[in-house]
Every structure is written in C-alpha cells, then in structure tokens.
Amino acid sequence: MQPVGEPGASALSAVGLCKRFGERVAFEDVTFEVGRGEVFGFLGPNGAGKTTTVRTLATLIKPSAGSATVAGLPLRAENEVEIRRRIAVMPESPGLYLRLSVEENLTCFAHLYELPKPKPRIEAALQAVRLLERRADPCGSLSKGLRQRVCLARALLSDPEILFLDEPTSGLDPVAARDVHELIDGLRRQGVTIFLTTHRLDEAERLCDRVAILNTTLRSIGRPDELRDQLFARTLTVHTLAPLPEPGRVFEGLACVESWRAEDSTSYVLGVSDVTVAAPAAVRALVAAGADVLSVGESRHSLQDVYLELVDEDVEGRRR
C-alpha cells in the first residue's frame, strides 16, 4: 500500500466538523487527527453522532460546517470518488446477499467497485479473514460471527488505506468477537488505519491506540492511560491480614503519600503522587509496624470509569 500525501502526514483529520439535520445537531465542533497505521476508537452513547460522523467522513453525507482530510484528500465534492477508492466502511449490519455464496458475494461487490483483477483480491481477502474453506457456503447458512468476517473481507477487497469499522462486534458471542479482534490486530500490523466505533469499552481498551469520547461534541481524546491520569488521582490499595491498630501512624508522612482512607477493616486506599516511591515506602512502614501484608498494588481505573465520568447524559432520551 502506498502512502498518500507527505511522509508522516495524518491519515485522517477533522477541524470543527459539524452535521445538522434541520434544527437537530447530530454532532458539532469535532476536531481530531488520526495517524497512519493507528487504531482510533470513537466512543459514545446511542445518538451521540458516532455513525453520522463515519458517514460524513466516508462521503456518504455532506457536513454542515467544518473541514476534514481523508486519506490525504480534502473532504470536498470533487474528491468524493477518489476518497471512496482509498477507504472502506464496514457497517454494523453486514448487508450481504444471503442466497449467494461467500465468494459470489465478494465477486458481486468487486464488480460494483470496478476493481481490476478481482480473483486474487477475493482470494487475499478470504485468506485474511480465514474463510477460504467456506467460500462456497451460502451466506444465509453462516453464523453472525462468520457473516461479520465476510463483511470485513468485502471491506478489504479494495486494499483500503483507512478502514471504518462501525460496531464490528455488535451482537457477537465472546469467541466470534475475539476472532474479529485478532483480525483487527492483523490489519494494524499491516499498517491499515482503522477508525473504530464501539460500545464495548473493554474492546476499545484492548485494541485502540487512542480513543475519542463523543457526546454530540468531543468530551476528551487521548490514550486510555492518559485519560485515566487526567481524570483520576493515582492510588495504591493495601490489604492486610488484620486491621491496623493505628493506620494513620503508618501512612501519614510517607514519601509521595498524599492521603489515605480505610476502605474496610483490612483494606486501605492511599492517594499517591508517585507509585514507584510510595509503594516500597508503604511496604517498609507496614512491616515495621508488624502488619501481615497480603498485597499492595496500584488501583487501576478502567476505560469504562473514564467513559462514565465524561458521558452522563442520555442523548437519545433528550431528543424524544
């Protein structure tokens, strides 16, 4: 795959992007940049504007305001055809012809895309999603997980520089979802830029280099660990075999320990400025106090904690 634009240029960017439908705002003032080869997560509640953003960037609908660059090209009417050649979109619903076989579906779409030499492209796409042995099966006979793989193979036919995945594991069981995750990891290794919308926060935390949290407007953007550090103080959780008679005498004044509180009779949470200094100091103090230490570890907030902190509004309900 040949890079587009200047070396190191972003694969995708938006500045003040906005889409309105009459008086209703789907999303507004959206600004971000996605690097080449990055898996970029786009998170938000139902009705937050995620799918509308994807449809706008994919040239399916026109923005109301703002600007964007997609695969090295400005998002303008005269560039729409060329942008579509450089990207692919995998929607939440597979949209396959169920009476046709896997290979017949891909052949049909390859002709619709006017792809040169479709046979080797279909072969490569089936190989990528591990469906070569099911190529003759009617799509209607496949499980939802396998249909999602066929849909991903369809998106790969054009060898896209940017792949938009809209809820690719929606409704899949854990095994099928894991298969899709492995496919996304493989595409990352090949240098494909992936724009992933998902409701599965564990999925975003596992797959994404950075995430953006949208609730009509962007609430935050960054690596999951950066967002955790921005929103939550760093803490250590200490577990002892028996209650400490005077925990204040143990924890107060320790290096890099800023606060402490008892979680229960044998668990203590320490607010710290530097875990690497505070943890050894706490262990030494506990041993000196004669405590039997079961564990000392950094408390880790999940991406779900970040999400819930930033998104606390039912957007769909507000619009009813």
Side-chain angles (χ1 to χ4, degrees), residues 10-14 17-19 21 25-35 37-61 63 66 68 70-71 75 83-84 87-95 144-145 147-149 151-152 154-156 160-172 176-177 179-181 183-185 187-188 192-224 227 303-304 306-308 310-311 313-316:
S10 62
L12 180 66
S13 64
L17 204 63
C18 171
K19 180 61 184 177
F21 297 97
V25 175
F27 63 85
E28 63 182 346
D29 196 26
V30 169
T31 298
F32 61 82
E33 189 169 340
V34 181
E38 183 176 11
V39 179
F40 186 78
F42 213 52
L43 315 179
N46 291 331
K50 302 186 303 299
T51 297
T52 306
T53 302
V54 169
R55 289 171 60 80
T56 302
L57 293 170
T59 76
L60 300 176
I61 56 177
V70 182
L75 185 62
I83 287 173
R84 289 173 192 166
I87 68 172
V89 180
M90 178 181 166
E92 182 178 350
S93 300
K144 183 170 183 181
R147 289 183 200 174
Q148 287 292 80
R149 285 206 227 168
C151 192
L152 185 54
R154 183 183 70 193
L156 296 176
E161 297 167 28
I162 302 173
L163 179 58
F164 292 93
L165 302 179
D166 193 6
E167 303 286 348
T169 57
S170 175
L172 299 188
D179 289 344
V180 173
H181 293 170
L183 293 170
I184 292 172
D185 278 335
L187 294 171
R188 182 213 304 267
V192 178
T193 303
I194 297 174
F195 190 95
L196 171 69
T197 74
T198 180
H199 282 115
R200 298 178 116 166
L201 300 178
D202 58 332
E203 175 174 272
E205 190 148 29
R206 178 192 180 282
L207 295 172
C208 297
D209 301 297
R210 290 185 304 137
V211 298
I213 297 178
L214 182 77
N215 201 9
T216 305
T217 59
L218 277 183
R219 300 301 174 90
S220 194
I221 185 169
R223 296 196 310 269
L227 299 182
L303 186 57
Q304 178 169 319
V306 173
Y307 178 92
L308 293 175
L310 292 170
V311 176
E313 185 177 7
D314 179 1
V315 179
E316 282 198 327

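Just so it is clear, the model here is predicted, and its values are computed rather than measured.
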Given 3.5 Å as the limit, does a donor-acceptor pair link the side chain of [X] with the main chain of [Y], or not?
X	Y	value
T197	E167	yes
K19	G49	no
T52	A26	no
K50	P45	yes
Q148	G145	no
E28	T216	no

Can you tell me how far the [atom1] atom of [X] sits from the [atom2] atom of [Y], to the nearest 0.5 Å?
X	Y	atom1	atom2	answer
I213	R219	CD1	CZ	10.0 Å
L43	L201	CG	CG	6.0 Å
T193	F195	OG1	CZ	11.5 Å
L12	I162	CG	CD1	5.0 Å

Between T217 and D29: side-chain donor-acceptor atoms closer than 3.5 Å: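 Per modelled atom types, T217 and D29 side chains form no pair under 3.5 Å.
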When you check the side-chain N and O atoms of T169 and E203, is any donor under 3.5 Å from an acceptor? yes
Can you label the angle between the F32 ring and the F40 ring as parallel, tilted or perpendicular, going by 30° and 60°?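 Rings of F32 and F40: parallel, as their planes differ by under 30°.
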Closest heavy-atom contact between [X] and [Y]?
X	Y	result
L57	V70	O-CG2, 3.6 Å
M90	A155	CB-CB, 4.4 Å
P224	E205	CB-OE2, 4.4 Å
R154	P91	NH2-CD, 3.8 Å
R210	G35	NH2-N, 4.4 Å

Quick one: do D209 and R188 make a salt bridge, cutoff under 4.0 Å?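 Yes, D209 and R188 are salt-bridged.
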Per the side-chain contact (heavy atoms from CB on, under 4.5 Å) rule, which among V180, I194, L183 passes with P168? V180
